[in-house]
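Here the structure is laid out as structure tokens; the discussion comes afterwards.
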Amino acid sequence: MQFDDLYTELHDLTDELLGSNQLVKLKAGGYSMFPFFKNGEIITVKKCRADELRIGNIVVFKVDNKWVTHRLLKIILQNNKTYFIAKGDSCKKKDPMFTEENLIGKVVSHLHNDKHKNLESNYYKKIGWVIAYFSKIITPFIMIILWLILKVKKTKTVIKNVFHSLFFISRNSRRLILINILISFFQGILPFVIIYLVKWLIDAISSINAYSDKMDAYKAIGVIITATGFVFLVQSIISIIGSESRERLSQSVSLYIYSLLHKKYSSLDMAYLEDAKQQDKIHRAVQEASFRPMKMVNESLAVVQSVASWLFIAVMLFTIHWAVFFLILIAVIPGFWLRIKYSDKLFKMNKANSQKERESYYYNRILTGLPFAKELRLFNLESFFTSRFDNIQKYLHHQKNSLLRKQAFADVFAQTFAVAIIFFSFGYVSYLAVNGLSIGTVVLFFLIFQRGFFVMKDLFLSVAGLFEDNVFLNEFFNFLHLPSLRQIPRTEGTIGVLQKGIFIENVSFKYPSSQRKALDSISIEIPAGKTVALVGKNGSGKTTLVKLLCGFYLPDNGRILFDDNDISIINPEEIRKQITAVFQDFALYNMTAAENIFLGNIYKPATISNIKQAAKNAGIDDILEKLPSGYENMLGNLFEKGEELSIGQWQKLAIAKAFYRDASILYMDEPSSALDAETELHILHNLKLLAKDKTVLIISHRFSTIKWVDIIYVLDNGKVVESGNHEQLMEMKGKYFRMYETSKTI
Ligand code: ADP
């Protein structure tokens with residue numbers, strides 16, 4: 001195929017897509033729209049009619065066999081026909097007139113330096129209009145003014161956000177914040193009060209000969225020295241109080257932030273936690289929450305301190321010469337601007353690398369975590385995972401270092417600029433000194449100028465730091481604002497003990513991260529007081545169904561009824577109150593044995609007899625009693641004097657926890673997978689006794705467990721393929737029968 005044919009085909013295809021109201025992304029070629037688009041930037045095109053176009057829009061039209069993207073300068077209506085005139089921003093000549101037949105569409109947005117620019121916004125409409133109407137000479141000026149307006153607006157929003165964030169994170173520490181602000185204010189001005197006193201001292205000493213009575217001079221000098229000593233003392237005391245109250249503020253803020261983090265995390269939908277994209281968000285939020293709020297508070301206090309210093313410095317510099325004040329200001333601006341620019345870049349880089357960072361954390365966990373230690377040694381996996389970890393870290397370091405290198409180069413320029421201005425100012429004040437400034441004032445200038453420069457630099461860096469923290473902290477706020485996966489109005493009411501049963505009607509479900517249906521039009525009845533089992537191969541959807549029954553997910557189709565209540569509109573907490581469960585991947589808590597059982601129902605009075613009874617029913621009481629400190633013995637090996645249990649013993653403990661809850665509905669997902677046959681029989685016996693009036697749903701691969709239940713549902717590929725009791729299913733001679741027969745041969 002010739003290139004021309006290929007272009008025609010691509011054009012036709014794009015035209016077709018645009019015609020069906022799709023937005024199409026294209027790569028802009030050439031330089032005719034420079035500086036608006038650069039060669040190779042991505043633009044988004046939308047189909048539009050002639051009457052939707054306005055002067056200044058960027059249009060895509062056909063000329064001969066080519067597509068051109070230029071700015072619309074004129075719309076002419078002649079004999080009921082519309083003609084357009086366009087021109088590239090950097091072209092001298094206008095394009096030949098074209099008609100609606102040649103119009104492809106208009107550019108609605110484009111990606112510039114990784115930033116998405118919406119050309120439909122008022123700002124870009126105005127710019128387009130200005131470029132189209134005004135000559136090239138004034139266009140740059142107008143563009144600069146519009147750019148400045150945009151920057152001022154953005155800065156205002158950022159400042160508002162910073163204040164909002166500060167207000168939010170210090171919500172529980174208002175008094176401490178006020179104390180710290182006051183302390184920072186004094187810490188800002190006191191060093192300069194001392195400098196000013198030194199100036200007085202030098203002036204007083206140097207003018208001692210002017211006094212007729214030397215005693216007066218000594219008195220004046222004595223007063224200044226005493227005042228200086230006093231200010232020194234106050235400064236030291238304030239510094240001691242400052243560190244203590246800063247520490248208290250830090251503790252209070254971090255406690256508050258962690259409480260928000262923990263509360264939000266536990267309220268999040270399971271679907272979020274299992275979704276890789278959301279995990280990135282959560283990971284970033286958790287990471288930022290651990291230090292960013294405190295950094296922000298410290299930076300804002302540093303701003304208070306620097307501003308206080310600067311008020312003092314400004315007055316003093318103005319008394320020397322007003323120009324000196326502005327010179328310092330100009331000297332630090334480039335450094336400030338660079339810091340803001342690079343913190344934005346750093347944020348974007350971190351965001352883009354968040355998945356990679358999580359991966360490297362994960363490999364680190366494998367390399368240092370106890371659960372992986374056995375396999376790591378047995379399969380000799382250390383070098384394998386180390387190399388994965390190293391590769392990712394090297395990649396991340398490379399990215400970060402190249403950004404830091406660029407920043408360092410830019411910083412060198414900013415510093416050189418600042419130093420040049422400082423030298424100029426020194427020269428200027430020396431000139432003023434020759435022309436009559438007092439020695440004290442000259443000393444004051446050199447002391448103040450040097451400190452003033454650093455204070456100003458600190459101030460700008462702290463402000464830039466605040467902006468940076470705010471950008472990063474937004475991740476945390478986004479996390480706090482994460483809605484539950486599906487916002488469904490929930491009813492307020494409570495639900496009582498199950499009367500009729502649980503009815504799963506035609507339920508389908510697909511995990512958000514997956515393309516396949518985990519459950520496909522399933523209908524199951526779990527009558528109240530009966531025991532129902534789910535059997536089927538791995539991956540047939542059994543656990544997913546239990547997750548839906550616990551309200552962790554909502555069905556995509558169909559409904560689940562608790563008696564007459566649809567669980568998708570009942571508050572999930574209400575459902576969970578009625579449920580107790582033993583999960584396949586039950587949690588192991590490194591706490592005492594009694595606490596491990598008590599966690600099953602923290603609202604029930606924790607009497608040892610209740611706890612022991614639950615342990616007895618799960619067949620673990622004798623093991624727990626024999627521990628060195630009995631039920632008060634720490635379990636697991638994370639903490640001192642902890643006793644590690646076998647996996648089967650942990651499982652029994654999980655069952656004890658479920659028994660302790662004493663709920664009317666019991667879900668057991670592979671409750672006996674790690675148990676020996678004798679233990680399993682014991683638990684089953686207790687379960688039968690305890691489950692007399694309970695509704696039980698049990699998932700198991702052991703037919704000894706399943707045989708005695710009331711109804712068995714056989715699942716395959718997310719569908720129910722058989723149901724009935726053991727005898728009925730055996731008679732059917734279907735899937736269940738074959739599974740049963742196979743199990744006997746193993
Ligand atoms: P079973 O309990 O019968 O072994 P599951 O209910 O765990 O099966 O899984 C059913 C299907 O759903 C499987 O295909 C599995 O890959 C998929 N699945 C399970 N959990 C998730 C998850 N968190 N995210 C995406 N897919 C999942």
Side-chain angles (χ1 to χ4, degrees), residues 265-283 355 358-359 362 482 484-486 502 504-524 526 531-558 560 567 572 579-587 647 651 654-655 658 665-675 696-703 705-706 709 711-723 729 734-736 738-740 742-743 746:
Y265 191 84
S266 53
S267 75
L268 274 183
D269 224 292
M270 282 298 289
Y272 269 122
L273 307 183
E274 290 182 347
D275 181 351
K277 265 207 194 108
Q278 305 299 340
Q279 275 177 28
D280 275 349
K281 263 191 206 161
I282 295 169
H283 172 75
Q355 162 112 0
R358 249 179 352 101
E359 255 180 72
Y362 178 61
L482 273 182
S484 77
L485 192 62
R486 271 177 286 176
I502 302 168
I504 299 156
E505 296 179 355
N506 217 12
V507 162
S508 295
F509 175 75
K510 186 165 74 59
Y511 284 96
S513 57
S514 159
Q515 300 301 319
R516 283 174 301 130
K517 279 187 181 173
L519 296 176
D520 190 357
S521 306
I522 278 198
S523 293
I524 286 176
I526 308 169
T531 301
V532 172
L534 298 177
V535 291
K537 286 188 300 199
N538 289 332
S540 55
K542 305 178 297 291
T543 302
T544 304
L545 188 62
V546 172
K547 287 192 203 165
L548 259 69
L549 289 171
C550 290
F552 296 149
Y553 292 93
L554 292 176
D556 297 328
N557 288 104
I560 299 174
I567 70 163
I579 298 172
T580 184
V582 185
F583 296 110
Q584 222 170 339
D585 51 352
F586 53 87
I647 191 69
Q651 191 161 31
I655 296 172
I665 302 166
L666 174 62
Y667 299 143
M668 298 197 125
D669 191 351
E670 309 262 9
S672 50
S673 58
L675 303 183
V696 181
L697 178 69
I698 194 162
I699 296 178
S700 183
H701 287 293
R702 290 207 182 163
F703 285 90
T705 312
I706 301 163
V709 309
I711 313 170
I712 302 162
Y713 287 92
V714 183
L715 264 66
D716 190 27
N717 259 333
K719 288 185 179 345
V720 175
V721 287
E722 286 168 19
S723 63
L729 288 172
K735 258 195 179 358
Y736 182 86
R738 283 195 296 279
M739 277 159 62
Y740 185 77
T742 316
S743 79
I746 298 170

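When a ligand or atom number is given, it counts from 1 through the structure's own listing order. If you're wondering where the values come from, they're calculated on a predicted model, not measured in any experiment. Positions are given from 1, in the same order as the sequence printed here.
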Next on the checklist: In this structure, does ligand 1 have an atom that sits under 4.0 Å from one of the heavy atoms of Gly536?
Outcome noted: no

Checklist entry - Is the closest heavy atom of Gln584 to ligand 1 under 4.0 Å? => result no

Heavy-atom nearest neighbour in the protein, as seen from [atom], with distance rounded to 0.1 Å:
| atom | result |
| --- | --- |
| atom 26 (N) of ligand 1 | Tyr511 CD1, 3.2 Å |
| atom 9 (O) of ligand 1 | Thr544 OG1, 3.6 Å |
| atom 23 (N) of ligand 1 | Glu274 OE1, 2.8 Å |

Checklist entry - Taking everything shown except Lys281 itself, do over 12 heavy atoms lie less than 6.0 Å from its NZ? => result no

Next on the checklist: Can you tell me if Asp520 has over 12 outside heavy atoms packed within less than 6.0 Å of its CG?
Outcome noted: yes

Checklist entry - Hey, which atoms in ligand 1 end up nearer than 4.0 Å to a heavy atom of Lys542? => result 1 (P), 2 (O), 3 (O), 4 (O), 6 (O), 8 (O)

Next on the checklist: Can you name the atoms of ligand 1, numbered from 1 with element, that are less than 4.0 Å from a heavy atom of Ala518?
Outcome noted: 11 (C), 12 (O)

Checklist entry - Who are the side-chain hydrogen bond (donor to acceptor under 3.5 Å, both in side chains) partners of Glu505, not counting sequence neighbours? => result Arg559

Next on the checklist: The criterion is ring pair (Phe, Tyr, Trp, His ring centres under 6.0 Å); which residues satisfy it with Tyr362, sequence neighbours excluded?
Outcome noted: none

Checklist entry - Nearest protein heavy atom to atom 15 (C) of ligand 1: under 4.0 Å? => result no

Checklist outcome for this item: Nearest heavy atom to atom 11 (C) of ligand 1, choosing from Gly539, Pro512, Ser514, belongs to Gly539

Checklist outcome for this item: Rounded to the nearest 0.5 angstrom, the CE-CG distance for Met668 and Leu534 is 14.0 Å

Checklist entry - Hey, what do you get for CG (Asp669) to CG (Asp585), rounding to the nearest 0.5 Å? => result 8.0 Å

Checklist entry - Is there a donor-acceptor contact under 3.5 Å linking the side chains of Thr544 and Tyr511? => result yes

Item to check | Residue portion contacting ligand 1 (non-hydrogen atoms closer than 4.0 Å) for Lys537 | outcome: backbone

